[in-house]
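Encoded as structure tokens, the structure appears first; notes follow it.
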Amino acid sequence: MYSARQKYNLSFFSILIFIITAAAVLSGCGKQTSNAASSGKYETLELRYQGAVNSVTYPELAQDLGYLDPIKLKWIGNTTSGPQDIQSTVTGDVDFGSAFNGAIVKLMAAGAPIKSVIGSYGVDKETWSGFFVLDNSPIKSARDLIGKKVGMNTLGAHHEFMLKEYLRRNGLTEKEINQVTLVAIPPVNTEQSLRQKQIDVAVLGGILRDKALERGGIHALFSDYDLFGKFTAGSYVMTDKFLKENPNTAKKFVEGTAKAIEWARTTPREEVIARYEKIINERGRNEDDSTIKYWKSTGIAGKGGVISNKEFSVWENWLVEDGELKKGQLKANELYTNKFNPFHK
């Protein structure tokens, strides 16, 4: 799926994360608590995070609904990459981050002291990512992807896992899979790159998918929903250090986020969209709230974002088969915790 050079870069990235993590722990850089600002039972009243342009995250929704009070979120910028978001969590630049569960497993295997605390996004019949081709494309099957370029938001995360799973299920050898070229492209540019034939396949999800389908001329070769059905695909993580030093704050964060997920799941779609538009307009980041009308569902499988063992074990086993993990190196039930989630029985 990727060249030897790309594999080297991914391995180097994992080693780099381990070095950064060790340095942060030993030196105390990237301090994650602010006890001077805390009051009452919470260790800190501010949580730093990265957002997503034209989107509302569940912690942001939780804050707007008052579920995080008296804790406040501090936005430090946007990210388009899950691995980058959880890397920032590891280094202490933010207090929590979200990524695909497979990417979290890889980072933990590299020695990152993090733990998943609640589901952050998922896949269902309404919310999914497709691998799209032009209607006149010669690509009709997995084998047709050999020698072609596939554009996605980042490498080593959700979409790469899905593509490789699709290719393997359809009988391609590892040598053939390595002949499929992956190209990292900002999500907002992916559709245009496909239409201009700079890439052969474009990964599109959510709002960007629906807007592209409205314009026509493309169709999905396959989707992550086709492969796995409904599942929670990613999680919010915090460092072991943060969880140890800020247990009450962490509990409030998870409780509030869990309630926000259920609010979005059970509230009429029109009301959810109206709330999201309000949040985007009030935060003043020069965004386009018109895209929010395409919101469909949370996609998260577990009630309140409760994490199940299979949501990590499937990727752990996948990485073992891929040779990136040793069997028994990690245990799925040690990669996450539901102890802060009020919806966990």
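Positions are given from 1 along the sequence.
One finds the CG atom of Leu73 at 12.0 Å from the CG atom of Leu45 (value rounded to the nearest 0.5 Å). Distance check, rounded to the nearest 0.5 Å: CG of Asn246 to CG of Leu47 gives 8.0 Å. With rounding to the nearest 0.5 Å, the separation of OG1 in Thr44 from CD1 in Ile71 is 7.5 Å. The line from CD of Glu174 to CD1 of Ile177 is 4.0 Å long, rounded to the nearest 0.5 Å. Interatomic distance, Ile146 CD1 to Leu167 CG, rounded to the nearest 0.5 Å: 8.5 Å. Atoms CG and CG, from Leu163 and Leu182 in turn, are 6.0 Å apart once rounded to the nearest 0.5 Å.
Ion pair Lys164/Glu160 not flagged as a salt bridge, since none of the NZ, NE, NH1 or NH2 atoms sits closer than 4.0 Å to an Asp/Glu carboxylate oxygen. Remark: Lys72 engages Asp69 in a salt bridge, criterion side-chain N to carboxylate O under 4.0 Å. Taking a cutoff of 4.0 Å between a charged side-chain nitrogen and a carboxylate oxygen, Asp124 and Lys230 do not qualify as a salt bridge.
No side-chain donor from either of Gln50 and Asn78 sits under 3.5 Å from a side-chain acceptor of the other. When only modelled atom types and interatomic distance are considered, Ser120 and Ser235 share no side-chain donor-acceptor pair under 3.5 Å. Using modelled atom types, one finds no donor on one side chain facing an acceptor on the other under 3.5 Å when comparing Gln87 with Thr91.
With a 4.5 Å cut-off on side-chain heavy atoms, Thr232 and Ser308 do not count as touching. In this structure, Asp95 and Met238 have side chains that are not in contact, with every pair of non-hydrogen atoms separated by 4.5 Å or more. Side-chain contact check for Phe100 versus Met162: some heavy-atom pair is nearer than 4.5 Å. Using a 4.5 Å heavy-atom threshold, the side chains of Ile118 and Phe340 count as separate. Contact check for Pro113 versus Met108: no side-chain heavy atoms found under the 4.5 Å cut-off. The shortest side-chain heavy-atom distance between Val150 and Asp200 does not fall under the 4.5 Å cut-off. Contact check for Ile280 versus Val56: side-chain heavy atoms found under the 4.5 Å cut-off. Contact of the Asp240 side chain with the Lys115 side chain is registered, since non-hydrogen atoms from C-beta on lie closer than 4.5 Å.
Among residue pairs with one or both ends in residues 291-317, those qualifying as salt bridge (charged side-chain N to carboxylate O under 4.0 Å, His left out) are Asp210-Lys296; sequence neighbours excluded. Within the structure, the side-chain hydrogen bond (donor to acceptor under 3.5 Å, both in side chains) test picks out the following pairs touching residues 56-68 (sequence neighbours left out): Tyr49-Glu60, Thr57-Glu60, Glu60-Arg283, Glu60-Arg285, Asp64-Arg275, Asp64-Lys278. For the salt bridge (charged side-chain N to carboxylate O under 4.0 Å, His left out) condition, the pairs that include at least one residue of residues 256-269, sequence neighbours left out, are Glu262-Arg265. The salt bridge (charged side-chain N to carboxylate O under 4.0 Å, His left out) analysis of residues 129-158, with sequence neighbours excluded, yields the pairs Arg143-Glu176. Residue pairs meeting the ring-ring contact (aromatic ring centres under 6.0 Å, His included) criterion with at least one partner in residues 195-230, sequence neighbours excluded, are Phe131-Phe222, Tyr166-Phe222, Phe228-Phe231, Phe228-Trp315. Judged as a ring-ring contact (aromatic ring centres under 6.0 Å, His included), the pairs with a partner in residues 269-291 (not counting sequence neighbours) are, in order, Tyr276-Trp295. Identified under the side-chain hydrogen bond (donor to acceptor under 3.5 Å, both in side chains) test for residues 326-336, with sequence neighbours left out: Asn309-Tyr336.
The two residues Val201 and Val133 come nearest to each other via the heavy atoms CG2-CG1, 3.8 Å. What you find for Thr239 and Thr89 is that their closest heavy atoms are CG2-O, 3.3 Å.
With sequence neighbours excluded, no residue satisfies side chain to side chain donor-acceptor pair (under 3.5 Å) with Lys244. Partners of Glu191 by salt bridge (charged side-chain N to carboxylate O under 4.0 Å, His left out), not counting sequence neighbours, listed by chain and number: Arg195, Arg215. With sequence neighbours excluded, the residues forming a ring pair (Phe, Tyr, Trp, His ring centres under 6.0 Å) with Tyr121 are His158, listed by chain and number. Evaluation of the side-chain contact (heavy atoms from CB on, under 4.5 Å) rule for Ser55 yields Ala52 as partners, not counting sequence neighbours. Residues satisfying the salt bridge (charged side-chain N to carboxylate O under 4.0 Å, His left out) criterion with Asp226, sequence neighbours excluded, are absent altogether.
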Worked check of side chain to side chain contact (heavy atoms under 4.5 Å, CB included) between Trp263 and Leu65: CA-CA 9 Å; Trp263 182 90; Leu65 292 168; 3.8 Å; yes

Mind running side chain to side chain contact (heavy atoms under 4.5 Å, CB included) on Leu335 and Val105 for me, showing each step along the way? CA-CA 7 Å; Leu335 305 179; Val105 173; 3.8 Å; yes

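For Asn286, the CG atom sits in a loose shell: 12 or fewer heavy atoms of surrounding residues, nucleotides or ligands are nearer than 6.0 Å.
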